[in-house]
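As a basis for the values below, the full set of heavy atoms in this structure was taken, side chains included, without hydrogen atoms, waters or symmetry mates. Index from 1, following the sequence. Just so it is clear, the model here is predicted, and its values are computed rather than measured.
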Amino acid sequence: MAPGGSSYQDIGDSLNAYADYGIAPENAESKSSPFRKSTAVNIIGGNHGTRSNTAVHELLECPVCMNLMYPPIHQCPNGHTLCLKCKSKVHVCPICRHELGNIRCLALEKIAESLELPCRNQIFGCQDIFTYHSRLRHEQNCRFRPYNCPYAGSECTVTGDIQSLVAHLKDDHKVDMHDGCTFNHRYVKSNPQDVENATWMLTVFNCFGHQFCLHFEAFNVGVAPVYMAFLRFMGDDDDAKKFSYSLEVGGFGRKLLWQGVPRSIRDSHKTVRDSLDGLLIQRSMALFFSGGDRKELKLKVAGRIWREPL
């Protein structure tokens with residue numbers, strides 16, 4: 001029975017509401033929900049030995065977006081519940097078509113407050129159990145949460161673990177993959193004076209059992225045109241700090257050298273670029289290194305990655 005009244009219809013009926021109300025399914029937890037599993041959760045941290053009550057958890061799934069509902073939880077006069085976000089998009093109940101009022105489902109909210117739930121990133125390795133409210137706070141910074149695709153130059157929305165993102169970069173973005181911890185990479189651009197913003201193809205290096213992304217870009221710092229090369233680590237910040245890298249570029253008796261720590265791909269490409277945390281080359285110096293008549297950019301960036309001693 002649904003909280004507050006009539007029998008609870010099959011969840012499949014509510015999916016038809018997408019077309020009727022223009023609500024697109026979001027990244028529903030139910031697609032990979034740990035709540036669907038019938039076996040006990042093996043916990044290594046948090047509270048041990050807690051079993052998920054599948055029936056109660058399913059009651060807390062919004063029948064429209066299929067995500068877990070957090071207070072305030074609303075219901076129609078017939079007792080069909082939905083989350084606050086979906087309620088703001090509709091005026092009638094997606095299940096019984098009864099007009100929605102402003103009725104709170106206090107009983108279900110009370111039940112929710114007493115629950116302990118596994119992290120939604122359980123499928124990626126997180127095995128901790130949390131109270132209903134602390135779970136949401138934890139998931140925002142869970143170290144097992146999916147990573148965003150590190151590819152720059154397009155708004156790629158793909159997320160996943162490191163292994164799947166490496167395959168995605170290779171298969172979908174056709175990124176160059178190289179083995180080794182030292183490299184020499186050449187960047188060429190005709191008519192560089194006409195380029196205000198440009199992003200070169202990402203290069204990924206397999207080194208020490210991890211992946212490092214080499215970025216190279218042209219943009220303006222204020223009104224000054226610059227080029228920048230920097231490295232990002234495919235993993236969390238704590239692991240990134242175990243490594244260092246150097247980049248150098250030069251020619252005609254001049255050389256620029258940068259040494260730093262790779263930034264985690266948890267930091268967006270734009271965040272790292274705008275922080276100027278990398279090898280920064282003024283356009284005039286870049287064209288000097290390129291030689292010739294300075295009408296073509298021809299830079300060779302050499303680099304090395306190493307593991308810091310413990």
Check each of Leu169, Asp172, Thr159 against Cys149 using the side-chain contact (heavy atoms from CB on, under 4.5 Å) test, and report the only one that passes.
-> Leu169
Using the test disulfide bond (SG atoms under 2.5 Å apart), find all partners of Cys181 that sit at least two apart in sequence or belong to another chain.
-> Cys207
Counterpart residues, salt bridge (charged side-chain N to carboxylate O under 4.0 Å, His left out), relative to Arg273 (two or more places apart) = Glu217
For residues 140-148, tabulate all N or O donor-acceptor pairs below 3.5 Å that involve a side-chain atom, not counting sequence neighbours.
from, atom 1, to, atom 2, distance (Å)
Arg145, NH1, Asn141, O, 3.2
Arg145, NH1, Cys142, O, 2.8
Tyr147, OH, Asp236, N, 3.3
Tyr147, OH, Asp236, OD1, 3.2

Distance, nearest 0.5 Å, that separates CG of Leu299 from CD1 of Ile281 | 5.5 Å
Residues sharing Leu106's hydrophobic cluster, by side-chain heavy-atom contacts under 4.5 Å among ILVMFWY, directly or via others?
-> none
Going through the checks in order, is the side chain to side chain donor-acceptor pair (under 3.5 Å) test met by Ser264 and Asp267?
-> CA-CA 6 Å; Ser264 165; Asp267 293 331; over 6 Å; no
Enclosure of Glu308 CD (heavy-atom neighbours >12, cutoff 6.0 Å) = yes
Which heavy atom of Gly235 sits nearest a heavy atom of Ile162, and at what distance?
-> N-CD1, 3.9 Å
Atom pair OG/CG of Ser88 and Leu82 - distance to nearest 0.5 Å = 9.0 Å
Is a side-chain N or O of Asn220 found less than 3.5 angstrom from the main chain of Val223, in a donor-acceptor match?
-> no
With the side chain counted from C-beta on, respond yes when Leu279 and Glu248 share a heavy-atom pair under 4.5 Å apart, and no when they do not.
-> no
Hey, are the side chains of Leu60 and Ile73 touching, using non-hydrogen atoms and a 4.5 Å cut-off?
-> yes
Show the numbers, then the answer: is there a ring pair (Phe, Tyr, Trp, His ring centres under 6.0 Å) between Phe205 and Phe183?
-> CA-CA 9 Å; Phe205 298 96; Phe183 52 87; 4.3 Å; yes
Check: Ile103 and Pro77 side chains under 4.5 Å, non-hydrogen atoms | yes
Using a 4.5 Å cut-off on heavy atoms from C-beta on, say whether the side chain of Leu84 contacts that of Pro72.
-> yes
Partner set under ring pair (Phe, Tyr, Trp, His ring centres under 6.0 Å) for His210, not counting sequence neighbours = Phe233, Phe243
Side-chain contact, heavy-atom cut-off 4.5 Å: Arg135 with Tyr70?
-> yes
With a 4.5 Å heavy-atom cut-off, do Val301 and Leu214 have their side chains touching?
-> no
Working to the nearest 0.5 Å, report the span between CD of Gln211 and CE of Met177.
-> 7.5 Å
How far apart are the closest heavy atoms of Phe208 and Ile305, and which atoms are they?
-> CE1-O, 3.8 Å
Measuring from Leu165:CG to His173:NE2, what's the distance to the nearest 0.5 Å?
-> 9.0 Å
Grab the two heavy atoms, one from Trp258 and one from Asp277, that are nearest each other, plus how far apart they are.
-> CZ2-OD1, 3.2 Å
Is there a side-chain contact between Ser275 and Arg263 (heavy atoms, below 4.5 Å)?
-> yes
Where do Val261 and Tyr245 come nearest, in terms of heavy atoms and distance?
-> C-CE2, 3.7 Å
Verify the neighbour count for atom CD of Gln282: are there more than 12 heavy atoms of other residues, nucleotides or ligands below 6.0 Å?
-> no
Rounded to the nearest 0.5 Å, what separation is found between the NE2 atom of His138 and the SG atom of Cys119?
-> 3.5 Å
Compare every heavy atom of Cys83 with every heavy atom of Cys65, then report the nearest pair and how far apart it is.
-> SG-SG, 3.9 Å
Mind checking whether His215 and Phe230 have parallel, tilted or perpendicular rings, split at 30° and 60°?
-> parallel
Nearest-0.5 Å distance that lies between atom CG in Leu297 and atom CG in Asn191 | 11.0 Å
For Thr203, check side chain to side chain donor-acceptor pair (under 3.5 Å) against everything at least two apart and list the hits.
-> His185
Heavy-atom side-chain proximity of Glu296 to Ser290 below 4.5 angstrom = no
